[in-house]
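The structure under discussion appears below in the form of structure tokens.
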Amino acid sequence: MLFGFYEEFNKRNIEPAIRIPEDDMIMLLDPSAVKRVIENLLVNAIRYSSGEVTILLQNCISSIQLKVSNSVDSLNEQDVKQMFDRFYKADQTRTGKGTGLGLPIAKSLMEKMNGNIYAELRDNQLTMICEWEFKFA
């Protein structure tokens, strides 16, 4: 799926750092929902990155995490708290670049798959984290 974004990354002169483990990670999830979540995160990373994008998939002790990080210039903690709200746009000058629905849709899809999505901002680096916890019978 990442190869489908090659041209978009190329247009912005971004070479993403991609870290995906060699070992298989298997979870039963809705493939179309996962695809839509990843697409929304990648579109945001490409659109709003100020230069760097990192994609990390990791197997944690009790979950699988997908992290999509990008450098940002003008974002604050209040923006991060609201970015999953419908129609919210951190940069109001970019009114023509989207509806503000991508992240709320991603959140809704993650919740339907019993997952979680949240964001962290550290040192001008925004990280979107999708997390699917392991459920044991």
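Clustering ILVMFWY residues whenever any of their side-chain heavy atoms sit less than 4.5 angstrom apart, transitively, puts Met83 in the very cluster that holds Ile46. Hydrophobic cluster membership is shared by Leu126 and Ile105, with clusters built from Ile, Leu, Val, Met, Phe, Trp and Tyr side chains linked at under 4.5 angstrom. Ile14 and Leu56 fall into different hydrophobic clusters, where Ile, Leu, Val, Met, Phe, Trp and Tyr side chains are chained together by heavy-atom contacts under 4.5 Å.
With sequence neighbours left out, Lys35 forms a side chain to side chain contact (heavy atoms under 4.5 Å, CB included) with Met1, Glu39. Listed by chain and number, the residues in a salt bridge (charged side-chain N to carboxylate O under 4.0 Å, His left out) with Lys107 are Glu111 (sequence neighbours excluded). Evaluation of the side chain to side chain contact (heavy atoms under 4.5 Å, CB included) rule for Leu57 yields Ile20, Pro21, Met25, Ile64, Leu66 as partners, not counting sequence neighbours. Considering only residues two or more places apart in sequence or on other chains, Ala106 meets the side chain to side chain contact (heavy atoms under 4.5 Å, CB included) condition with Val37, Asn40, Ile117. For Asn116, the side-chain hydrogen bond (donor to acceptor under 3.5 Å, both in side chains) criterion is met by no residue, not counting sequence neighbours. Checked against side chain to side chain contact (heavy atoms under 4.5 Å, CB included), Glu131 has the following partners two or more places apart in sequence or in another chain: Ser63, Gln65, Tyr118.
Taking each heavy atom of Val72 and Tyr48 in turn, the nearest pair found is CG1-O, 4.3 Å. When all heavy atoms of Gly51 and Ser71 are compared, the closest pair comes out as N-OG, 3.2 Å.
Formation of a donor-acceptor pair under 3.5 Å by the Asp79 side chain with backbone atoms of Asn76 is found in this model. Judged purely by atom type and a 3.5 angstrom limit, Arg12 uses its side chain to pair as donor or acceptor with the backbone of Ser49. Panel note: side chain Asp30, backbone Ser32; a donor-acceptor pair is recorded below 3.5 Å.
Here the straight-line distance linking atom CD of Gln82 with atom CD of Glu77 works out to 12.0 Å at 0.5 Å rounding. To the nearest 0.5 Å, the span separating OG on Ser108 from CE on Met113 amounts to 9.5 Å. Considering CD of Glu52 and CG of Asn124, their distance stands at 10.5 Å, rounded to 0.5 Å. Put simply, CG on Asn59 and CG on Asp23 are 8.5 Å apart, with the number rounded to the nearest 0.5 Å. Atoms CG and SG, on Leu109 and Cys130 in that order, are 10.0 Å from each other to the nearest 0.5 Å. Between Phe9 atom CZ and Leu42 atom CG the span is 5.0 Å, to the nearest 0.5 Å.
By the 6.0 Å contact criterion, CD on Glu7 is enclosed, its count of non-hydrogen atoms from other residues, nucleotides or ligands being greater than 12. The environment of Arg19 atom CZ is sparse: at most 12 non-hydrogen atoms of other residues, nucleotides or ligands sit within 6.0 angstrom.
A donor-acceptor pair shorter than 3.5 Å cannot be found between the side chains of Ser69 and Thr54.
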